[in-house]
Amino acid sequence: MAEVSKDIFESLLKQVEEYSRTFDAVEVGYVDEVGDGIARVVGLDNIRFSELVQFSNGVAGIAFNLERDNVGIIIMGEYDEINEGDEVRALGRIASVPVGPGLVGRVVDTLGNPVDGKGPIEAADYYNVERIAPGVMERRNVDRPVQTGIIAIDSMIPIGRGQRELIIGDRQIGKTAIAIDTIINQKGQDMKCIYVAIGKRKGEIARLVATLEEYGAMEYTTVVVAAASDPASMQYLAPYAGCAMGEYFMENGEDALVVYDDLSKHAWAYRQVSLLMRRPPGREAYPGDVFYLHSRLLERAAQLSDARGGGSLTALPFIETLLGDVSAFVPTNVISITDGQIYLVGDLFYAGQRPALDVGISVSRVGGDAQTKAMKRVAGRLKLDLAQFRSLAAFAQFGSDLDKATQQQLDRGLRLTELLKQPQYQPMPVSDQVAIIYAGTNGYLDEIPVERVAEWKEEFLRAYNTQFADIAQKIQNDPNAWDDEIEGELKDAITTFNSTWS
C-alpha cells in the first residue's frame, strides 16, 4: 500500500515539475451598438480589414469599417442574440474559405460550411476570400474554348478558357438556363464548375441542384448558396468565396468555370451593407467604390502562363436589367470590365426564340481564337448571313416587291433562325453544331419548309451520329480536323440524307 502511495506521489510530483504556464494574447473588444446585421465594436485597436471576429454566442463577423474610435463589423449569421456589451474576439486571420477537391459535388454556404446534409468537408487548404488578381506577365492569350453546347454561343459568341463573358438581360428570359446548359456540357471536358447563387429563393436553388444531379453534373460542380433569406453580408461575400474555390483549381494547373448569378443582387447587398455602415452614397445610392467591387472580382479570372501552370478560371457574371435598360449604373460598370456580352432580349424570348440571344449586339472580344478550326470555318458565314437577314427583314416590312436574290436571303435567314433554336438541358457537341451550321449556310435547307426545319435537324443528327459517325468523330476529337477531304465527306453525308428524307 505504501509503494502505491509512493508511486502516486512521484507521478504527481513529476507533473507539477513539468507544468509550465502558457499565455495566449487575445485582443478583446465589446459591442457598442448592434442592429440590422451590423455591429459597432470598441477595443479592437489592432484589427485588420476583412479580419474574422467571433462574438460571445459563437457567430462570426468580418471587419468592414476601420474607424478612429470603433470597428464596423458585418455579422455572418443571426444577430438576434448579440447584445450591447457582449465580448468580441479577433481571430487573427483574414476571412477565408475551405478549398480543394473535397468541395466538388457539394452545396455550401458563403463560409464553405456544408448545407447539403452530406457531412463535413475535407479541405485541402484555406484561401482568403479577397485575393490579388494575377499580374499581366503571369497570363497568356485565351485560346482554348469553353464549349457551352449552345449553338448560337459556340458559333458566333465563343467563350474561351480564362475569359469573362457577361450574360445580361431582363428577369425570367433564360439567363440561368444558359448557365445550367453550360455546366451540363462540361461533362468529360476536364472543367470544374462553381455556381454561385446570390439572392435566389431556396426552392429555386434546390431545383437547380436537382437538375444538375439528374444530368450527372454535380460530379464536377460546387454550388455556393447565398439565398434571398440570408443576411446581406453573406450575399456580399458569396462571389468572392466562389472565386477563391475556383482559384484553387486554376493554381493547380486545372480549368475552372465560375458562374455568378447574379451580380445585380450582389451590388444591392453591398449597397445595403455600405449604407448601414454609413458610408457616403453616390449615384443610385451605391457607394463610390461599386466599380471596384466587381473589377477586383472579375479580374481574378485568367488564363495563367505556362510558368504558372497553365490553369484557367473562366467567369460568367450575370446582370439583370430592368426593361432592357443596359445603360443603368451597374450594367455599364460590368460591361466595361468584361471581355464581351451575351444579350438576352425579351421580345425574342416571347416570340419563341430560345435561347433569346440578340446576335447583332452580342459580342465576344476573344473571337475566333477560342474556336476549333472546323467551327471557325463554318461559323463566319453564319453571322454574316444572319446580319443580312436582319437588315433585309426590316426593309421587307415596308411591303415592297423583292427580287429573287433578296427573297432567297430572307428565306435562308428564317431557316438559320430555326436551326439556332435549342431546347433547354440539351447541349450539343461541337461536331453536331458544325454539321447543321454547314448545312444551313450552304443552302442544303433551302428546299425544306421552315416549319419542318426542327424535324429535319433532329432526324439528320440521328443519322449523322449513326450512319456517318466516322465524320462526327473526326470533327469532335481533333480541334484542327477540317480540310477539303472532311468537308467533302460532310457534304456527301448531307446530300445522301436529304435524298432519302421527305
Side-chain angles (χ1 to χ4, degrees), residues 96-108 110 112 121-134 138-149 153 158-167 178-198 208-209 212 216-225 237-261 263 294 296-306 308-318 338-339 366 370 427:
S96 58
V97 290
V99 296
L103 278 92
V104 176
R106 303 300 300 270
V107 182
V108 299
T110 299
I121 290 171
E122 292 184 16
D125 200 353
Y126 280 82
Y127 276 15
N128 291 349
V129 293
E130 297 267 14
R131 306 179 81 232
I132 302 297
E138 296 175 275
R139 302 172 182 241
R140 67 174 174 84
N141 186 41
V142 174
D143 56 7
R144 296 178 299 141
V146 174
Q147 302 293 358
T148 66
I153 294 177
I159 301 171
R161 300 193 180 205
Q163 189 176 348
R164 300 153 299 180
E165 183 78 9
L166 171 65
I167 298 172
I178 287 179
I180 296 173
D181 282 356
T182 302
I183 292 172
I184 290 172
N185 199 53
Q186 300 316 305
K187 195 165 192 174
Q189 304 278 346
D190 294 326
M191 177 86 82
K192 298 294 189 299
C193 300
I194 296 96
Y195 179 89
V196 184
I198 308 164
L208 184 143
V209 172
L212 294 177
M218 282 302 290
E219 296 170 10
Y220 48 84
T221 302
T222 303
V223 177
V224 181
V225 175
L237 271 184
Y240 299 102
C243 188
M245 294 170 191
E247 281 175 323
Y248 171 85
F249 298 108
M250 175 179 73
E251 293 180 1
N252 283 278
E254 298 181 61
D255 296 311
L257 170 73
V258 187
V259 176
Y260 306 114
D261 189 6
L263 292 189
H294 289 146
R296 74 176 188 261
L297 169 70
L298 295 173
E299 278 295 323
R300 288 161 68 177
Q303 168 64 66
L304 293 183
S305 63
D306 294 337
R308 283 286 308 271
S312 73
L313 180 66
T314 308
L316 290 183
F318 286 50
T338 49
D339 305 316
V366 170

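Sequence positions, counted from 1, serve as the residue numbers for this chain. If you're wondering where the values come from, they're calculated on a predicted model, not measured in any experiment.
Residue G246 comes nearest to A256 through the heavy atom pair O-CB, 3.8 Å, listed as atom of the first residue, atom of the second, then distance. Shortest non-hydrogen contact noted between Y260 and C243 is OH-CB, 3.4 Å. Closest of all the heavy-atom pairs between V209 and M218 is O-CG, 4.2 Å. The heavy-atom pair separating A315 from A301 by the smallest distance is CB-CB, 3.8 Å. Shown here for A124 and P101, the closest heavy-atom pair between the two residues is CB-CD, 4.1 Å. The two residues V129 and A244 have their closest heavy-atom pair at CA-CB, 4.5 Å.
If you check the side chains of N128 and S96, you find no donor sitting under 3.5 Å from an acceptor.
Side chain of D125 to main chain of G100: no donor-acceptor pair is present (N/O by atom type, distance under 3.5 Å, no hydrogens or angles). N252 places a side-chain N or O within donor-acceptor distance of the main-chain N or O of Y248, the cut-off being under 3.5 Å. Using a distance-only test at 3.5 Å, with no hydrogens or angles considered, no donor-acceptor pair links the side chain of E165 to the main chain of T314. A donor-acceptor contact shorter than 3.5 Å links the side chain of Q163 to the backbone of D339.
Separation of atoms CZ (R140) and OG (S305) is listed at 8.0 Å; rounding is to 0.5 Å. In this structure, CD1 in I184 is found 6.5 Å from CD1 in I180, a value given to the nearest 0.5 Å. For the atom pair H294 NE2 and L166 CG, the distance stands at 10.5 Å (nearest 0.5 Å).
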Do any side-chain atoms of residues 187-198 form donor-acceptor pairs under 3.5 angstrom with protein atoms, and if so which ones, sequence neighbours left out?
from: K192; atom 1: NZ; to: E254; atom 2: OE1; distance (Å): 3.2
from: Y195; atom 1: OH; to: D261; atom 2: OD2; distance (Å): 2.5

- Please walk me through it: do D143 and R161 pass salt bridge (charged side-chain N to carboxylate O under 4.0 Å, His left out)? CA-CA 7 Å; D143 56 7; R161 300 193 180 205; over 6 Å; no

- Message: Assess the residue pair L263 and F318 against the criterion (side chain to side chain contact (heavy atoms under 4.5 Å, CB included)); give the C-alpha distance rounded to whole Å, side-chain angles, the decisive distance to 0.1 Å, and a yes or no.
- Response: CA-CA 6 Å; L263 292 189; F318 286 50; over 6 Å; no

- Might you work through the side chain to side chain contact (heavy atoms under 4.5 Å, CB included) test for D181 and T148, ending with a clear yes or no? CA-CA 7 Å; D181 282 356; T148 66; over 6 Å; no

- Task: Could you walk me through whether D255 and M250 pass side chain to side chain contact (heavy atoms under 4.5 Å, CB included), step by step?
- Result: CA-CA 6 Å; D255 296 311; M250 175 179 73; over 6 Å; no

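At least one side-chain heavy atom of R144 sits less than 4.5 Å from a side-chain heavy atom of S312. No side-chain heavy atom of Y126 sits under 4.5 Å from any side-chain heavy atom of V97. Proximity of R164 to E299: side-chain heavy atoms (C-beta onward) are separated by under 4.5 Å at one or more points. Taking 4.5 Å as the limit, every side-chain heavy atom of L257 sits out of range of all side-chain heavy atoms of L313. Counting heavy atoms from C-beta outward, I153 and P158 have side chains that stay 4.5 Å or more apart. With contacts defined as side-chain heavy-atom distances shorter than 4.5 Å, the pair Y127/M245 does not qualify.
Evaluation of the salt bridge (charged side-chain N to carboxylate O under 4.0 Å, His left out) rule for E247 yields R131, R300 as partners, not counting sequence neighbours.
Of the residues V146, I178, I159, I183, the one that meets the side chain to side chain contact (heavy atoms under 4.5 Å, CB included) test with L316 is I159.
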